[in-house]
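Quick notes on the structure that follows.
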Amino acid sequence: MPTKLVPVVRTDLEMGRARSPRRSAHAAVAAALDTLGSADFRTWLREGQPKVVLRVTGDERLRRVCADAEAAGLPVRLIRDAGRTQVAAGTATCCAVGPAPIPDRTGRHAFRHSPPPYLAAP
């Protein structure tokens, strides 16, 4: 099973085009720092730091991804906006799961046995 990092970004927020990649990068860095020094982190580095970015369409779906990942025993980092630019302070904008061994499911949500309908691969 490949070790990867999976940023998950909300698509329903009214953010400029460049904000979504920034949010994804913010989640990825925070998640990597959370696992710094772990065996999974070292494996992820050695394997070339693979990432799969997923999208969700709302806050409830983002929280469901986080809950599913946590239930599967995977590290999760939820990112909330500081409110300095385009969305209200405290808004959950994205999360990152991993780095951890995550099944490869053609870019779809791999935290459950089958891909849920609320996620769309980029």
Side-chain angles (χ1 to χ4, degrees):
M1 187 173 336
T3 300
K4 60 183 124 180
L5 179 64
V6 182
V8 182
V9 181
R10 284 179 57 183
T11 60
D12 64 308
L13 297 172
E14 297 294 325
M15 293 191 293
R17 197 164 166 82
R19 294 292 297 164
S20 185
R22 288 182 194 148
R23 297 278 84 201
S24 177
H26 185 77
V29 169
L33 290 174
D34 285 349
T35 61
L36 189 65
S38 70
D40 287 339
F41 180 82
R42 288 189 298 274
T43 300
W44 179 67
L45 283 177
R46 189 172 49 252
E47 292 177 356
Q49 303 152 33
K51 291 166 263 337
V52 176
V53 180
L54 301 178
R55 299 177 297 203
V56 292
T57 56
D59 182 66
E60 181 180 326
R61 292 180 175 161
L62 179 66
R63 291 176 191 284
R64 188 167 170 191
V65 168
C66 292
D68 289 348
E70 287 175 347
L74 299 169
V76 180
R77 173 53 97 90
L78 180 66
I79 301 300
R80 296 179 186 280
D81 201 88
R84 294 186 192 109
T85 56
Q86 299 173 350
V87 295
T91 301
T93 57
C94 61
C95 73
V97 179
I102 298 173
D104 195 6
R105 301 249 187 199
T106 63
R108 294 208 176 236
H109 186 213
F111 317 126
R112 297 162 62 95
H113 294 294
S114 61
Y118 57 81
L119 285 177

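Looking at heavy atoms from C-beta onward, Val65 lies out of side-chain contact with Val76 at the 4.5 angstrom threshold. The shortest distance between side-chain heavy atoms of Arg10 and Thr91 falls below 4.5 Å.
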Counting only pairs under 3.5 Å, give me each side-chain donor-acceptor contact of residues 28-36, with atom names and distances, residues two or more places apart or in other chains.
from: Asp34; atom 1: OD1; to: Arg77; atom 2: NH2; distance (Å): 3.0
from: Asp34; atom 1: OD2; to: Arg77; atom 2: NE; distance (Å): 2.9
from: Thr35; atom 1: OG1; to: Ala31; atom 2: O; distance (Å): 3.4
from: Thr35; atom 1: OG1; to: Ala32; atom 2: O; distance (Å): 3.2

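Not counting sequence neighbours, the partners of Arg63 by the salt bridge (Lys or Arg N to Asp or Glu O under 4.0 Å) test are Asp59.
A distance of 8.0 Å separates OG1 of Thr93 from CG of Leu62, quoted to the nearest 0.5 Å. Once rounded to the nearest 0.5 Å, the distance linking CG of Leu54 with OG of Ser24 reads 9.5 Å. In this structure, CG on Asp40 lies 9.5 Å from CD on Glu47, to the nearest 0.5 angstrom. One finds the SG atom of Cys94 at 9.0 Å from the CG atom of Asp81 (value rounded to the nearest 0.5 Å). Between Arg46 atom CZ and Phe41 atom CZ the span is 11.5 Å, to the nearest 0.5 Å.
Donor-acceptor pairing under 3.5 Å is lacking for the side chains of Arg55 and Thr11.
Note on Val53 and Ile79: separate hydrophobic clusters, where clusters join Ile, Leu, Val, Met, Phe, Trp and Tyr whose side-chain heavy atoms are under 4.5 Å apart, directly or indirectly. One hydrophobic cluster, built from ILVMFWY side chains closer than 4.5 Å, cannot hold both Leu5 and Val52; they sit in different ones.
For the pair Leu74 and Pro101, the tightest heavy-atom approach, listed with the atom from each and the gap, is CD2-O, 3.9 Å.
With hydrogens and angles disregarded, a donor-acceptor distance shorter than 3.5 Å links the side chain of Trp44 to the backbone of Pro50.
Sorted by first and then second residue, the salt bridge (charged side-chain N to carboxylate O under 4.0 Å, His left out) pairs involving residues 86-97 (not counting sequence neighbours) form an empty list.
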